[in-house]
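Model, not experiment: these values are computed from the prediction.
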Amino acid sequence: QVQLVESGGGLVQAGGSLRLSCAASGMIFDLLTMGWYRQAPGKQRDLVATMTSSFRTNYADSVKGRFTISRDNAKNTVYLQMNSLKPEDTAVYYCNARSIYSANINYWGQGTQVTVSS
């Protein structure tokens with residue numbers, strides 16, 4: 001019923017670009033803070049970027065100036081534009097939805113693989 005479906009991952013060379021998409025269903029999209037997180041093999045899952053329901057953003061220092069999060073409420077979709085990709089960006093990227101009323105109410109997508117070659 002509640003679903004987050006990511007797409008757009010793939011294999012790119014260092015310096016290249018990708019755009020990830022996450023389509024939400026079964027939720028009131030306007031009442032969600034949306035975010036992207038990533039997890040490399042053997043590592044913990046870390047925040048990449050978030051955007052609130054009022055379009056305020058937060059970015060990890062490692063991606064500032066390179067990645068841009070955006071959302072289209074009419075399409076119930078959040079995007080992550082990734083430019084100037086580095087090998088250390090290689091990870092599984094996960095879409096996250098959080099209720100604006102409670103940080104304890106969270107939903108996750110299945111993840112999409114991003115691999116950046118040197």
I would like to know whether Thr50 and Thr52 meet side chain to side chain contact (heavy atoms under 4.5 Å, CB included); could you show each step before the answer? CA-CA 7 Å; Thr50 61; Thr52 69; 5.8 Å; no
Answer yes or no: are there more than 12 heavy-atom neighbours, outside Glu88 itself, under 6.0 Å from its atom CD? yes
Taken to the nearest 0.5 Å, the spacing of Gln1 CD from Ser25 OG works out to 7.5 Å
Honestly curious: do Val78 and Ile105 fall in one hydrophobic cluster under the side-chain, below-4.5 Å linking rule? yes
Note, Ile69 side chain near Phe55 side chain (heavy atom, < 4.5 Å): no
Using side chain to side chain contact (heavy atoms under 4.5 Å, CB included), reason through Thr90 and Gln113 one step at a time and then give a plain yes or no. CA-CA 8 Å; Thr90 295; Gln113 177 71 47; 4.1 Å; yes
Check residues 27-38 and write down every donor-acceptor pair under 3.5 Å in which the side-chain atom is one partner and the other belongs to a residue at least two apart or another chain.
from	atom 1	to	atom 2	distance (Å)
Asp30	OD1	Asn73	ND2	3.3
Trp36	NE1	Tyr79	O	3.4
Arg38	NH1	Asp89	OD1	2.9
Arg38	NH1	Tyr93	OH	2.9
Arg38	NH2	Ser62	OG	3.4

Do Asn96 side-chain atoms and Tyr107 backbone N/O form a donor-acceptor pair below 3.5 Å? yes
Taking a hydrophobic cluster as the set of Ile, Leu, Val, Met, Phe, Trp and Tyr residues connected by side-chain heavy atoms closer than 4.5 Å, whether directly or through intermediates, do Val48 and Tyr59 fall within one such cluster? yes
Sequence neighbours excluded and cut-off under 3.5 Å, please list the side-chain donor-acceptor pairs for residues 2-11, or say none.
from	atom 1	to	atom 2	distance (Å)
Glu6	OE1	Gln110	N	2.9
Glu6	OE1	Gln110	NE2	3.3
Glu6	OE1	Gly111	N	3.0
Glu6	OE2	Cys95	N	2.7
Glu6	OE2	Gly111	N	3.2

Closest non-hydrogen atom pair, Ala14 against Ser118: CB-CA, 4.4 Å
Is the closest side-chain heavy-atom distance between Gln44 and Asp46 below 4.5 Å? yes
Grab the two heavy atoms, one from Ser84 and one from Arg66, that are nearest each other, plus how far apart they are. O-NH1, 3.0 Å
Is there a path of hydrophobic side-chain contacts, each under 4.5 Å between heavy atoms of I/L/V/M/F/W/Y residues, joining Met51 to Met82? yes
Residue pair Asn83 / Ser17: nearest heavy atoms and the distance that separates them: OD1-OG, 2.9 Å
Rounded distance [0.5 Å steps], CG in Leu20 versus CZ in Phe67: 8.5 Å
